[in-house]
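Counting begins at 1 with the first residue of the sequence. Ligands are counted one by one from 1 in listed order, and the atoms in each one are counted from 1 as well. Quick caveat: nothing in here was measured; it's all calculated off a predicted structure.
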Amino acid sequence: MTSPITWQHDADYERARIGRVFNYRRPSRYPIAVVEASEESHVDEAVRLAIQKQCQISIRSGGHSWAVWSVRDDAVLLDLGKFKEIELDEKTGIVKVSPSVTGRELNDVLQKKGVMFAGGHCPDVGLGGFLLQGGMGWNCKNWGWACEQIVAMDVVTATAQRLCCSENQNSELLWAARGAGPGFPAVVTRFHLQTRPAYTCMRSSAYTYAKKDFKKAMNWILSISASFDPDTEVAAVGAFTPESAEPYTTILFVTFKNSEEEALAALKPAEDSHPPGAVASFFFKETSISNEYIDQGAANPNGYRYRVDNAYINDDADVVDVLEDAFTTLPTRKSFSLWLSMAPGSRRRLRDMALSMQSDHYFATYVMYEDAADDSVASNWVQSIMKKVEKHSEGAYLGDADFQCRKTRFWGNEQGRRLMDLRRKWDPNGRICGYLDAGDGSRVNGLPNKHEWKL
Ligand SMILES: Cc1cc2nc3c(=O)[nH]c(=O)nc-3n(C[C@H](O)[C@H](O)[C@H](O)COP(=O)(O)OP(=O)(O)OC[C@H]3O[C@@H](n4cnc5c(N)ncnc54)[C@H](O)[C@@H]3O)c2cc1C
């Protein structure tokens, strides 16, 4: 074996086990060894090692899954953090990229070539976990899911076989990769992604309302978001501001255009129609992908413990009522709740792929704190919010989920069944760690794809 390997008894084991894990709510789970791959052949070797040791293999790309899915008991942990490749074909606009590359690393390279990839909002999320979950990237409501831009991928299977997957070969693995999340039954070593032309004029606006005006702010944005400009992302965030004694609600717009005239035309309807009484606002502020990464990075800082959950709210629900507590009763000053407008994209027929759950309203809550003693406060608050929200939800997004705390629907019924069948076909022995539920018992069976709490 030529790949760097750290065993459980080695001095460096703790760094290798959790050094690249984003969530400081670190798990008490212990792999037998960590393989830090820096080239594709190391991936083959890691899979062979797991076969030889008759244990499972878990995978880490960017280390940002909230529930730390990469760290599993008694498995070989394959860490792809040192395996970095970005290769753009300027003629086709297709970029070949290894899964540990982050959205910021990719766009730093692409921007110089006049193209972009609508990856995750936070700079340091790995493309591996992000794309496999579907990928709620920039302006997802209009441009679609990031996984729809995977034109092909290279994988190493559970039996250590290298395969290329596209619409023409091994297409069922491509179908699964677009939405299987941490239950994908192979290791992806390279994505081939279709980029889009970069935008030369990005502008943003924001309107912040006091807690008493939560309903006013939400009713306004709900009334205009679905038909808003097609190159503009629209979100609402409930959070404390540095000065506020209570959580405020901020309605945010980020537009991607190629001229000031277009950007102004996009953002003017919000400026003209926003309700009076905003405690703070800005209009038509110059921004860029790099600036947005800085802001998003600041909103999700390193070094904190996070407890996160999410739901797609039913289109016919009273969204304002369903989300009021989540936005206005946040348990810590750093926590925030998010409503992301998904319409009109959520109303189009999705292509045939595992990802099959969406509604007009995406909701997620991110509880952030420093002290392990607050774990139960954070957990209880999230549970109480989700108990109410789930009654009005279609299901949830894998990217902000933790199946150890709550299982729900993540796919349409037919897609969920097909995905679990494909997992059994491609990895009948459950070599590759799957969905980490309570006690890690689901293994080859996968998830039931049912609301656990809904009455
Ligand atoms: C601060 C922050 C911001 C976020 N913002 C967004 C956002 O804007 N949009 C969005 O959609 N999501 C977002 N997420 C969620 C994020 O996409 C998921 O947490 C995702 O799992 C992170 O990917 P990763 O590779 O960094 O994670 P990892 O923890 O490295 O991977 C997660 C799991 O995915 C599987 N996996 C990863 N790589 C491979 C591979 N090469 N082959 C096979 N399986 C693999 C494994 O099961 C692995 O354990 C955010 C998360 C954080 C922490």
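The closest side-chain donor-acceptor pair between S379 and S376, if any, does not fall under 3.5 angstrom. Of the N and O atoms on the side chains of R60 and S70, at least one donor lies less than 3.5 Å from an acceptor on the other residue.
Remark: R29 engages no residue in a salt bridge (Lys or Arg N to Asp or Glu O under 4.0 Å) (not counting sequence neighbours). Partners of T157 by side chain to side chain donor-acceptor pair (under 3.5 Å), not counting sequence neighbours, listed by chain and number: T159.
Ring to ring, F410 and F403 are close: their centroids are under 6.0 angstrom apart.
Listed by chain and number, F22, I59, R60, S61, G62, G63, H64, S65, W66, W69, S70, L80, P99, G120, H121, C122, V125, G126, G128, G129, F130, L132, Q133, G135, M136, P182, A186, V187, V188, N300, Y397, G399 each place a non-hydrogen atom less than 4.0 angstrom from ligand 1.
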List the atom pairs, donor and acceptor, that lie under 3.5 Å between side-chain atoms in residues 289-296 and the rest of the protein, sequence neighbours left out.
from, atom 1, to, atom 2, distance (Å)
E292, OE2, T287, OG1, 2.7
Y293, OH, G103, O, 3.2
Y293, OH, N107, ND2, 3.0

